[in-house]
Asks: 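One structure, as structure tokens, below. Some questions next.
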Amino acid sequence: MAKNALSFVCQNCGAAYNKWQGKCESCGEWNTLSEEDVSGATTVPANLRAKRKGRPFALESLTGSSPEAPRLSSGLTELDRVTGGGFVRGSVLLVGGDPGIGKSTLLTQATSLMARAGHRVVYISGEEAVAQVRLRAARLGLADAAVQLAAQTSVEDIIATLSEGTPPRLVVIDSIQTMWTDTVESAPGTVTQVRASAQALIRFAKKSGAALILVGHVTKDGQIAGPRVVEHMVDAVMSFEGEGSQQFRILRAVKNRFGPTDEIGVFEMTGLGLREVSNPSELFLSERDLGSPGTAVFAGLEGTRPVLVELQALVVPTTLGTPRRAVVGWESSRLSMVLAVLEAHCGVKLSGYDVYFNVAGGLRINEPAADMAAAAALVSSLANAPLPVDAVYFGEISLSGAVRPVAQTSARLKEAAKLGFGRAVLPETARGDAVGDSGIALNTVGTLTSLVADIAAKGRKATASAKSAPEGRFQRPDDEARRDARAG
Ligand code: TYD
Ligand code: MG
């Protein structure tokens with residue numbers, strides 16, 4: 001028994017092993033196993049085992065009414081949108097994100113607004129002193145809010161304090177990695193401690209009906225236990241993301257038992273805290289480089305909200321044996337697919353070129369609908385042909401080179417019209433769906449080949465006089481485009 005009590009636990013995923021090994025077979029991470037005493041966490045003491053017989057309980061049917069999950073608005077519309085309409089009482093939310101991204105700032109703002117609305121709100125900081133938290137609140141202009149503060153790390157003390165008086169409506173634990181409980185002997189920050197502390201706090205939340213928010217750091221080196229193990233225990237997981245150099249922050253639901261997982265909340269980090277961005281399209285398009293080749297505006301959809309964003313591509317001759325493919329904000333496998341379709345079906349030779357691809361503003365796109373906008377940006381860069389500044393692009397590209405329809409065409413078009421765009425390049429079959437939308441010229445595309453021919457023809461026209469037409473980059477240009485180029 002005593003010999004088995006010590007175990008090697010992966011600090012990334014929580015898998016346990018009898019002996020040390022370099023690589024965790026469960027999650028594939030290297031050097032993440034460390035020795036921990038897991039006896040308290042995983043085994044029940046013998047004297048507690050099999051003491052009483054099981055008691056039968058009543059089983060219920062799926063029909064029948066349950067009260068709607070009561071929601072608590074955070075006072076921040078963008079945060080409520082991601083949670084699905086506010087915090088659910090008795091639910092547990094894990095907010096993850098890189099250090100310094102603004103998790104504490106976001107939660108200070110949310111707790112202050114909720115306290116002002118008259119709720120009992122408790123903010124436990126395990127990382128910063130009370131003075132630091134106060135200083136931040138003062139900087140945010142929220143020092144007058146009646147948030148109850150403490151700098152504590154002992155889970156038992158925290159639960160004892162919270163159990164006194166009226167039960168709190170919201171408890172923030174910043175961060176779960178700093179918490180420790182007496183019930184296990186491992187050091188704070190280890191998987192066993194994080195799991196046991198989270199378990200105790202979650203039990204308190206379920207019992208008292210308080211909404212609980214756990215903050216979790218995400219580190220890549222595996223030194224501090226990632227919040228991975230906690231993800232399975234909580235009701236919702238949100239990740240707070242952003243590019244270091246950018247001021248934009250995006251809150252995204254990764255898991256949500258009480259709401260959608262495709263909504264995003266957009267914030268801007270300012271000197272006075274996080275500012276909500278209710279119209280993200282304006283923000284992502286605010287620094288557009290008008291009229292330069294290699295950029296295309298994608299009319300995308302994030303959850304229920306249409307979002308317009310600029311896609312940027314740079315295609316340059318390579319000096320390497322294997323050309324570079326660098327992507328920020330999009331899946332690299334998706335880019336490879338679009339490049340392969342361009343090469344196989346449209347005669348666009350890209351094997352001699354490095355390709356750099358970026359989504360402006362630090363947004364990360366998951367939609368296949370971005371294919372056509374990406375292809376347009378790539379061809380525009382290669383052909384040195386700027387795309388029309390008033391056009392938006394969307395449509396999925398299949399491996400055969402056909403452009404396939406995407407969902408919510410009218411929502412995308414409406415957003416584009418609202419922001420002053422005059423035309424949309426979209427899949428052919430989407431037209432029926434979009435009838436009734438006014439103000440935007442629809443330019444439907446059936447295959448990627450026709451889109452490429454269109455853009456390449458403009459590129460030749462533009463550069464023919466400068467004697468630098470990018471001939472040769474296109475292996476078998478359309479006859480029409482060739483005639484066009486000669487004429488120009
Ligand atoms: P913080 O919320 O402490 O990050 P986290 O809790 O995720 O580690 O935010 C830290 C960063 O935010 C820090 O670099 C300073 C910046 N910041 C502002 O730019 N404006 C502000 O009003 C505040 C409070 C922070
Ligand atoms: Mg913090």
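Nothing here was measured: the structure is a model prediction, and the numbers come from that model. Ligands are counted one by one from 1 in listed order, and the atoms in each one are counted from 1 as well.
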Asks: Do any nitrogen or oxygen atoms of K103 come within less than 3.5 Å of a nitrogen or oxygen of ligand 1?
Replies: yes
Asks: Tell me which protein heavy atom sits closest to atom 4 (O) of ligand 1, plus the residue, atom name and distance to 0.1 Å.
Replies: G102 N, 3.1 Å
Asks: Determine how many protein N/O/S atoms sit closer than 2.8 Å to the Mg ion (ligand 2), leaving waters out since they are not shown.
Replies: 1
Asks: Are any of the side-chain nitrogens in E78 or R249 under 4.0 Å away from the carboxylate oxygens of its partner?
Replies: no
Asks: For atom 21 (C) of ligand 1, decide whether some protein heavy-atom distance is shorter than 4.0 Å.
Replies: yes
Asks: Tell me the protein heavy atom at minimum distance from atom 3 (O) of ligand 1, and give that distance in Å.
Replies: R136 NH2, 3.0 Å
Asks: Should we say atom NZ of K206 is surrounded by more than 12 heavy atoms from elsewhere, each under 6.0 Å from it?
Replies: yes
Asks: Please check atom 15 (C) of ligand 1 for a protein heavy-atom neighbour under 4.0 Å.
Replies: no
Asks: Looking only at protein heavy atoms, which one is nearest to atom 6 (O) of ligand 1, and how far off is it?
Replies: S104 OG, 2.6 Å
Asks: Any donor-acceptor pair under 3.5 Å linking the side chain of E276 with the backbone of T77?
Replies: yes
Asks: Just by distance, do the side chain of E367 and the backbone of L301 share a donor-acceptor pair under 3.5 Å?
Replies: yes
Asks: For E185, look at atom CD and say whether over 12 heavy atoms of other residues, nucleotides or ligands are found less than 6.0 Å away.
Replies: no
Asks: Between ligand 1 and G271, is the shortest N or O to N or O distance under 3.5 Å?
Replies: yes
Asks: I want to know if ligand 1 touches H217 in the polar sense, i.e. an N/O pair below 3.5 angstrom.
Replies: no
Asks: Just to be sure I read this right, does ligand 1 sit under 4.0 Å from the backbone of L106, its side chain, both, or neither, counting only heavy atoms?
Replies: neither
Asks: Would P99 count as a contact of ligand 1 if the rule is a heavy atom under 4.0 Å away?
Replies: yes
Asks: Determine whether the side chain, the backbone, both or neither of T270 has a heavy atom under 4.0 Å from any heavy atom of ligand 1.
Replies: backbone
Asks: Are any of the N or O atoms of R139 closer than 3.5 Å to those of ligand 1?
Replies: yes
Asks: Which atoms from ligand 1 have a heavy atom of T105 less than 4.0 Å away?
Replies: 1 (P), 2 (O), 9 (O), 24 (C), 25 (C)
Asks: Under 3.5 Å between some N or O of ligand 1 and some N or O of M269?
Replies: no
Asks: Indicate yes or no: does E415 engage R412 in a salt bridge with an N to O separation below 4.0 Å.
Replies: no
Asks: Who's the nearest protein heavy-atom neighbour of atom 13 (C) of ligand 1, and how far?
Replies: G100 O, 4.5 Å
Asks: Would you say the side-chain atoms of T181 and E156 include a donor-acceptor pair closer than 3.5 Å?
Replies: yes
Asks: Yes or no on side chain to side chain contact (heavy atoms under 4.5 Å, CB included) for V277 and F248, after CA distance, side-chain angles and deciding distance?
Replies: CA-CA 9 Å; V277 178; F248 318 130; 6.0 Å; no
Asks: Could you tell me whether a side-chain N or O of K19 sits under 3.5 Å from a main-chain N or O of F8, the two making a donor and an acceptor?
Replies: no
Asks: Could E231 and K255 be called an ion pair, given the rule that one side-chain N must be under 4.0 Å from one carboxylate O?
Replies: no
Asks: Could you go through E268 and T270, starting from their C-alpha distance and side-chain angles, then the distance that decides it, and tell me whether this counts as side-chain hydrogen bond (donor to acceptor under 3.5 Å, both in side chains)?
Replies: CA-CA 6 Å; E268 187 182 0; T270 68; over 6 Å; no
Asks: Start with the C-alpha gap between T304 and E263, add the side-chain angles, then the distance that decides, and say whether side-chain hydrogen bond (donor to acceptor under 3.5 Å, both in side chains) holds.
Replies: CA-CA 7 Å; T304 53; E263 293 285 357; 2.7 Å; yes
Asks: Any chance CZ of R257 has more than 12 other-residue heavy atoms, nucleotides or ligands included, within less than 6.0 Å?
Replies: yes
